[in-house]
2 protein chains.
Amino acid sequence: MKKITIEDIAKEAHVSIKTVSRVFNHEPNVRDNTRDRVLAVAEAMNYRPNLSARSLASNKSFIIVHFHDNPNPDYLDRINQGLHKACRAAGYFSVNEPLPLTNGSYAALAATYLTSFHVDGALLSPPLSDDPALLAVLREKNVPYTRVSPQFEKRSSGATYIDDKAASLMMTNHLIELGHKNIAFIAGPSSHGSTIERTAGFLKALETAGLSVQNCPQYSGDFSFRSGLNAGQKIIESGHNVTAIFAANDEMAVGAMMAAMKAGLDIPKDMSIAGFDGSRIGDVLWPQLTTIRQPIRQLSERATDILLTSLRTSETDIICEELPVTLLARGSSSVPKISS
Amino acid sequence: MKKITIEDIAKEAHVSIKTVSRVFNHEPNVRDNTRDRVLAVAEAMNYRPNLSARSLASNKSFIIVHFHDNPNPDYLDRINQGLHKACRAAGYFSVNEPLPLTNGSYAALAATYLTSFHVDGALLSPPLSDDPALLAVLREKNVPYTRVSPQFEKRSSGATYIDDKAASLMMTNHLIELGHKNIAFIAGPSSHGSTIERTAGFLKALETAGLSVQNCPQYSGDFSFRSGLNAGQKIIESGHNVTAIFAANDEMAVGAMMAAMKAGLDIPKDMSIAGFDGSRIGDVLWPQLTTIRQPIRQLSERATDILLTSLRTSETDIICEELPVTLLARGSSSVPKISS
DNA sequence: CTGAAAGCGCTAACAG
DNA sequence: CTGTTAGCGCTTTCAG
């Protein structure tokens, strides 16, 4: 079972290897007739170009790397699905590389990675989308990249994102409309750019509704379940008469929900809970979590599409797309028991 | 910023490129002196061998692919962590490839993948670990592989696994010791080999304890949350006086728990719930899920180690390792309210 | 222990 | 529209 190469195809199709190469690279200047013959032969012989050879000769690899450091497996998985789908549709391959920000030398790690593993482009997901050190490495190495949900210098690269502020405002309004006046907010970590936006949306909604910020205490967590649990406990002990908790992601919201349940509170009668993201964790609870559903797979797929398009057209236009979110009002939120 | 190649290192270290190559491939027959000099120069010039060139010349790629079709992102993530860690420690790279069994041509997909993307080995995780069509492709293409948690022909390849039957027996005994006599079991799908083992462990425990199988109804799901919810509803409506539900994975257990909560039952007073896997979903609930914790990351890391070792030593010994599990007794299980 | 030469399978740059 | 000739950066012979 010997390996079949471009030469075998050339011989069989009575053309030169260059012509075969042209066909497989979608280059112009091949007669339809010839092209069809080559493709037929290749199909018949089950030929696949050797990626290493292609990569060595052309200095292209047909590989896109996804750098990530998000602790949420669910989020990662959705990003990967979109990435994989877009890559496959374009004949590219995708690989994943964790880049732990907690490891002081993550930028050096990325640099090492990019030197030994030639990639054609990179996809960045939060929190790496906004990491200056990583972006610097990418630019220095001349690796094109697009970003999912960047917050800073949004238009400095191709990107897809949602309107965090508007989404957060939408959710806060939902709680306000239910009748809540004492709403606690659990913000994300400052390392995530979305934190500012989501907090701003929350505050704007309060302001518009004329609610006192004094009655709406703000806490902050690191997006982890545990930090939500801690914040939830503090909120409950604080004596603020809080009737609703809005957390900047679902993990923390579920943590807060657990704190409430532990304290013997009924959800949503005694305490409404709202999250942000639309991750699986919120589907698999009773009551199910009221949240903002982000189109994560599409964000990633579109971001990859944008990257691949820019690679192929070598266009310099920077494409940025905002995708819509949905408010999922479910069992964890309702009208407050006592309006204060 | 030009690319530095093996030639730059050779020139600078006053040796031939072949010697540099020897050093980087850990080949013998290099004087320590020479080796050190080469390494020093390479370090100073920040040299990294070009993977494509290496791959083209040696017909090795230093890439391990992980084929998977597990719907649980949490499980996948842990497998990936172990894989990544083991690969990195050995200078290998890892890539992921979903292979949806629901897609009729998944075996052909795998074949295509393996022809265009040269990999040195493959890691299989359930349910692919036991897929005959995929195994056939791998063998035909001569791609070495190891498997995580295979159930059939265990010793036909390198593998790591747990003792599913013993673990299931352990959990059932836990429930029996708490005083439960009417225990429902939700089995996994027949496509997963573990289903037989886990069911066998359940039945063995009943038998040993002298409990009647009639009082312990068996259901089956597909490992999804939703299927656990459905089974849970049936169990509650069945009038079997069931006081405990043991599901063959955590997702289904949580589904069953949700069914119980919806029906107004108190967990664990009215109904004890137990799962299997130790995935995040069970940590993030109130009460937390009693479950069997599998060392998923270690299973994957060891399986990868076994694969890499066999690649480098070209030894033909097949290594299989059984790793221990832990019973996590948490809030979702307790003594039954009424002993029947 | 070390080096020189010959490719790996493909694409780039030029000729026709 | 098509073919020829050089490499890409490395490893593998095979000689020393």
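Throughout, a chain's letter reflects where its sequence line sits, starting with A, and its residues are numbered from 1. Here the structure is a predicted model, which is why all the values come from computation and not from measurement.
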**Item:** Nucleotide nearest A:Lys18 (side chain, heavy atoms from C-beta), chosen from D:dT4, D:dT12, D:dC8
**Value:** D:dT4
**Validation row: B:Glu322, B:Lys154 side chains within 4.5 angstrom (heavy atoms)** = no
**Fill in**
Nearest heavy-atom contact between B:Leu308 and B:Ala86 is CD1-O, 3.6 Å
**Asked** Which residue pairs satisfy the salt bridge (Lys or Arg N to Asp or Glu O under 4.0 Å) criterion with at least one member in residues 72-90 of chain A, sequence neighbours excluded?
**Response** A:Asp74-A:Arg78, A:Lys85-A:Glu301, A:Arg88-B:Glu97
**Request:** To the nearest 0.5 angstrom, please state how far the NE2 atom of A:His84 sits from the CD1 atom of A:Ile64.
**Result:** 13.0 Å
**Item:** Test side-chain hydrogen bond (donor to acceptor under 3.5 Å, both in side chains) applied to A:Asp130 - qualifying residues, sequence neighbours left out
**Value:** none
**Message:** Using side-chain heavy atoms (C-beta onward) and a distance below 4.5 Å, is A:Arg139 in contact with A:Tyr145?
**Reply:** yes
**Request:** Just call it for A:Asn25: base, sugar-phosphate, or nothing, with non-hydrogen atoms closer than 4.0 Å on any strand.
**Result:** sugar-phosphate
**Message:** Need to verify one output field. Residue with the more 5' nearest nucleotide on DNA chain C, B:Arg22 or B:Ser58?
**Reply:** B:Arg22
**Asked** So which pairs with a foot in residues 28-42 of chain B pass side chain to side chain donor-acceptor pair (under 3.5 Å), sequence neighbours left out?
**Response** none
**Request:** Give a yes or no on whether A:Glu153 atom CD has more than 12 heavy-atom contacts from other residues, nucleotides or ligands under 6.0 Å away.
**Result:** no
**Prompt:** Which is true for A:Ser55 with a 4.0 Å heavy-atom rule: it touches a base, it touches only sugar-phosphate, or it touches nothing?
**Reply:** nothing
**Request:** Grab the CG-P distance between B:Asn59 and D:dT11 for me, whole Å please.
**Result:** 13 Å
**Request:** Give the rounded distance in Å between these two atoms: CD1 of B:Ile17 and C1' of D:dG7.
**Result:** 14 Å
**Carboxylate-amine/guanidinium proximity below 4.0 Å for B:Asp305 and B:Arg302** = yes
**Asked** Using a heavy-atom cut-off of 4.0 Å to chain B, what are the terminal contacting nucleotides of DNA chain C, in 5' to 3' order?
**Response** C:dC1 to C:dG9
**Request:** Could you check which residues of residues 40-54 of chain A get a heavy atom under 4.0 Å from DNA chain C? Sort them by number, please.
**Result:** A:Tyr47, A:Pro49, A:Asn50, A:Ala53, A:Arg54
**Fill in**
Double-helix bend of the helix from C:dC1-D:dG16 to C:dG16-D:dC1, axes at both ends from 5 pairs, round to 10°, gives 30°
**Prompt:** Atom CD1 of B:Ile4 to atom C1' of D:dC8: distance rounded to whole Å?
**Reply:** 16 Å
**Request:** Heavy atoms only: give me the nearest A:Pro295-A:Ile162 pair and the separation to one decimal.
**Result:** CD-CG2, 4.0 Å
**Asked** So which heavy atom on B:Phe62 is nearest to which on B:Asp120, and how close?
**Response** N-OD2, 2.8 Å
**Request:** Provide, to the nearest angstrom, the distance between the CD atom belonging to B:Glu27 and the P atom belonging to D:dC10.
**Result:** 14 Å
**Item:** Separation of D:dG7 P from A:Ile6 CD1 (nearest whole Å)
**Value:** 19 Å
**A:Ala57 side chain, from C-beta outward: closest of D:dT11, D:dC8, D:dT2** = D:dC8
